[in-house]
Amino acid sequence: LEEDKPKDEL
Amino acid sequence: MNIFRLTGDLSHLAAIIILLLKIWKTRSCAGISGKSQVLFALVFTTRYLDLLTSFISLYNTTMKIIYIGCAYATVYLIYMKFKATYDGNHDTFRVEFLVVPVGGLAFLVNHDFSPLEILWTFSIYLESVAILPQLFMISKTGEAETITTHYLFFLGLYRALYLINWIWRFYFEGFFDMIAIVAGVVQTILYCDFFYLYVTKGESGSNKINPA
């Protein structure tokens, strides 16, 4: 499963 | 983080603070679309739920809390504290024509069919059109106070700077998010007409802009 990249933008 | 995203965030913060202070100091929300402010509160609420699930950085968390806090404070001032000055007769944009299609699109076009991701996608699409009730109200009243035009200028500038941020991140980090980019382009285009008036009327020093 693709690592769920956290959204770093506001 | 790059300079474009940082100035974009600060421009967004400036817009939010300018509006909140204007309403608070003048004790009036005349000329302000409460509907747009409710939509922005909804945008922040659905986008920043990850405050509860993941920690990115102190900056990220702090800004999200400030945005949400100011958004709800603004809605409170408009619909409760200074309700008497709310110009409901001119704030008549049918927001259901925005929320329903945006909600449907978020289900159809997203990166991942998970609740958090769909809510994030919904908030991205909604933000791109959330200013329409405000622009519509200004076109109906035929004028906007100077402070309101500064609010709109910084609000439009923030997403335009984000577009540059995305070009920067694509070039240097190979990162890009098509959903955010397309919605950001739409959002910025909606301000173009206003930007033109802001710059041309700003020079002539007239304190009111009269959108076509």
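A note on names: the letters A, B, ... follow the listed sequences, proteins ahead of strands, and every chain is numbered from 1.
Heavy atoms of Tyr67(B) lying under 4.5 Å from chain A belong exclusively to its side chain. Both the backbone and the side chain of Asn60(B) have a heavy atom closer than 4.5 Å to some heavy atom of chain A.
Rounding to the nearest 0.5 Å places CG of Asp8(A) at 11.0 Å from OH of Tyr59(B). With rounding to the nearest 0.5 angstrom, the CG atom of Asn165(B) is 5.0 Å from the CD atom of Glu9(A).
Ion pairing of Lys7(A) with Glu117(B) is present here, as a side-chain N (NZ or NE/NH1/NH2) and a carboxylate O approach within less than 4.0 Å.
When the shell of 6.0 Å around CZ of Phe55(B) is examined, it contains more than 12 heavy atoms from other residues, nucleotides or ligands.
Contact tally against chain A (heavy-atom pairs below 4.5 Å) for Lys64(B), Arg5(B), Met1(B): the top residue is Arg5(B).
No side-chain heavy atom of Phe44(B) sits less than 4.5 Å from a side-chain heavy atom of Leu10(A).
Judged as a salt bridge (Lys or Arg N to Asp or Glu O under 4.0 Å), the pairs with a partner in residues 21-33 of chain B (not counting sequence neighbours) are, in order, Lys22(B)-Glu145(B).
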